[in-house]
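Just so we're clear, the structure is a prediction, and the values are computed from it rather than from any experiment.
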There are 2 protein chains.
Amino acid sequence: MIPAKNNYQFEDMLDKHQLKKTAPRLRVLSMMYSKNTATSQPDLENVMHDIDRVTLYRILNVFEEKGIIHKVFDLDGTANYAVCHSDCEAHHHHDEHVHFNCTVCKNVYCLNELSLPSITLPAGFRPESFTLYASGLCPKCDKKNSAK
Amino acid sequence: MIPAKNNYQFEDMLDKHQLKKTAPRLRVLSMMYSKNTATSQPDLENVMHDIDRVTLYRILNVFEEKGIIHKVFDLDGTANYAVCHSDCEAHHHHDEHVHFNCTVCKNVYCLNELSLPSITLPAGFRPESFTLYASGLCPKCDKKNSAK
DNA sequence: ATATAAATGCAACAATATTTCATTTAGAAT
DNA sequence: ATTCTAAATGAAATATTGTTGCATTTATAT
């Protein structure tokens with residue numbers, strides 16, 4: 001689990017990456033850190049009506065470039081963004097973790113705790129990064145389901 | 001590796017799924033089976049200029065519904081479609097394999113031969129399917145690269 | 001307090017996904 | 001073989017999403 005952060009910490013994050021501390025960026029950061037699931041651009045648009053679509057688009061792009069967040073596509077192919085945990089704040093992402101996409105609520109969970117078992121590819125392939133995708137029922141939706 | 005198929009076999013496949021044997025569908029099938037990498041809609045459009053874009057779109061959709069092909073998103077989030085191998089021709093896909101996305105040629109390879117190591121998710125998650133994504137250099141691009 | 005580069009918002013454009021509907025065609029029934 | 005019908009196609013239209021250009025605003029260094 002990613003520890004909660006306050007506004008000063010968000011400002012520090014922007015500082016560290018030479019990004020100006022603007023209101024839209026701080027709001028996006030605080031929204032993304034307040035959830036334990038990934039956030040899509042539509043998610044942001046639905047909550048922040050006063051921020052322009054293009055601005056959100058650019059904020060997500062610059063955050064991704066800087067390694068603050070990383071992109072992950074859900075089952076429908078829509079881009080979702082999740083905050084990277086500490087050690088991937090460099091230019092190279094270390095998002096070698098497991099993504100879980102719930103088939104009911106569609107949320108994407110980043111299971112940072114889990115490490116990937118190593119796997120050997122056929123001869124000739126030179127892998128640089130791995131991501132495991134799992135889909136099924138998330139804890140919430142599974143509970144609702146079995147309660148019926 | 002998926003064994004080569006002739007036109008009669010493609011017709012049988014369509015028959016089996018109660019799909020009419022039309023020219024566009026047969027051409028799409030033969031193109032997809034002739035490659036060892038996944039095919040995107042743009043790929044098809046570039047080769048089959050005389051077939052309408054919407055028709056291709058619908059052919060891909062119906063093939064996916066029927067379990068003839070399965071969808072996989074590449075690094076850029078564009079949908080690619082790959083032929084399913086024998087045992088997933090049911091309604092439920094068993095595409096629990098490894099996808100390799102080359103960062104140079106962008107091709108997506110389905111490494112059906114490999115089976116996934118089992119992995120345990122945090123309590124509460126009820127996974128139904130797994131896919132491992134690897135990205136890096138494919139054999140061809142790696143060769144070209146090291147030849148320089 | 002001012003200058004300046006960066007960020008935003010808006011309009012416009014491009015690409016892609018999706019629906020509607022008239023026409024054509026495969027396959028069943030005769 | 002001919003006809004019938006449901007399914008498939010193609011073309012146009014619309015919706016959605018991704019992207020760029022530019023004028024205005026804003027954060028921050030001076």
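Shortest non-hydrogen contact noted between Phe100(A) and Ser135(A) is CZ-C, 4.1 Å.
Taking every side-chain heavy atom of Arg53(A) into account, dT19(D) is the closest of dT16(C), dT19(D), dG10(D).
Note on Val108(B): it does not cluster hydrophobically with Val104(B), by side-chain heavy-atom contacts below 4.5 Å among ILVMFWY residues.
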Worked check of salt bridge (charged side-chain N to carboxylate O under 4.0 Å, His left out) between Lys106(B) and Asp43(B): CA-CA 12 Å; Lys106(B) 308 291 179 190; Asp43(B) 289 342; over 6 Å; no

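Panel note: side chain His70(B), backbone Gly67(B); no donor-acceptor pair is recorded below 3.5 Å.
Residue Pro42(A) is out of contact with every strand shown, counting any heavy-atom pair closer than 4.0 Å. Arg25(B) comes within 4.0 angstrom of the backbone, heavy atoms only, and of no base.
When the C1' atom of dT9(D) is taken as reference, atom CG of Leu26(B) falls 14 Å away, rounded to whole Å. Rounded to an integer number of Å, the gap from CD of Glu45(B) to C1' of dG10(D) is 14 Å. Across the protein-nucleic acid pair, Leu14(A) atom CG and dA6(C) atom P stand 16 Å apart, rounded to whole Å. Look at CD1 on Ile51(B): it is 12 Å from P on dA11(D), rounded to the nearest Å. Regarding Lys16(B), its NZ atom lies at a distance of 20 Å from the C1' atom of dG27(C), rounded to whole Å. Spacing between atom CG of Leu44(B) and atom P of dA17(C) amounts to 12 Å, rounded to whole angstrom units. The CG-C1' distance, from Leu56(A) to dT8(C), rounds to 11 Å in whole Å. Rounded to whole Å, atom P of dA8(D) lies 13 Å from atom NE2 of His17(B).
Aromatic ring centroids of Phe10(A) and Tyr33(A) lie under 6.0 Å apart. A distance of 6.0 Å or more separates the ring centres of Phe63(B) and Tyr81(B).
The closest side-chain donor-acceptor pair between Thr78(A) and Ser40(A), if any, does not fall under 3.5 angstrom.
Checking the phosphate oxygens (OP1, OP2) of dT17(D), no side-chain nitrogen or oxygen of Tyr57(A) falls inside 4.0 Å.
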Dump the pairs, protein N or O against N or O of nucleotides 28-30 of chain D, anything under 3.5 Å, distances to one decimal.
from: dT28(D); atom 1: OP1; to: Lys21(A); atom 2: N; distance (Å): 3.2

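With the nearest nucleotide of DNA chain C identified for both Asp52(A) and Thr78(B), Asp52(A) has the one nearer the 5' end.
You won't find any donor-acceptor pair under 3.5 Å spanning the side chain of Arg58(A) and the base of dG18(D), going by distance alone.
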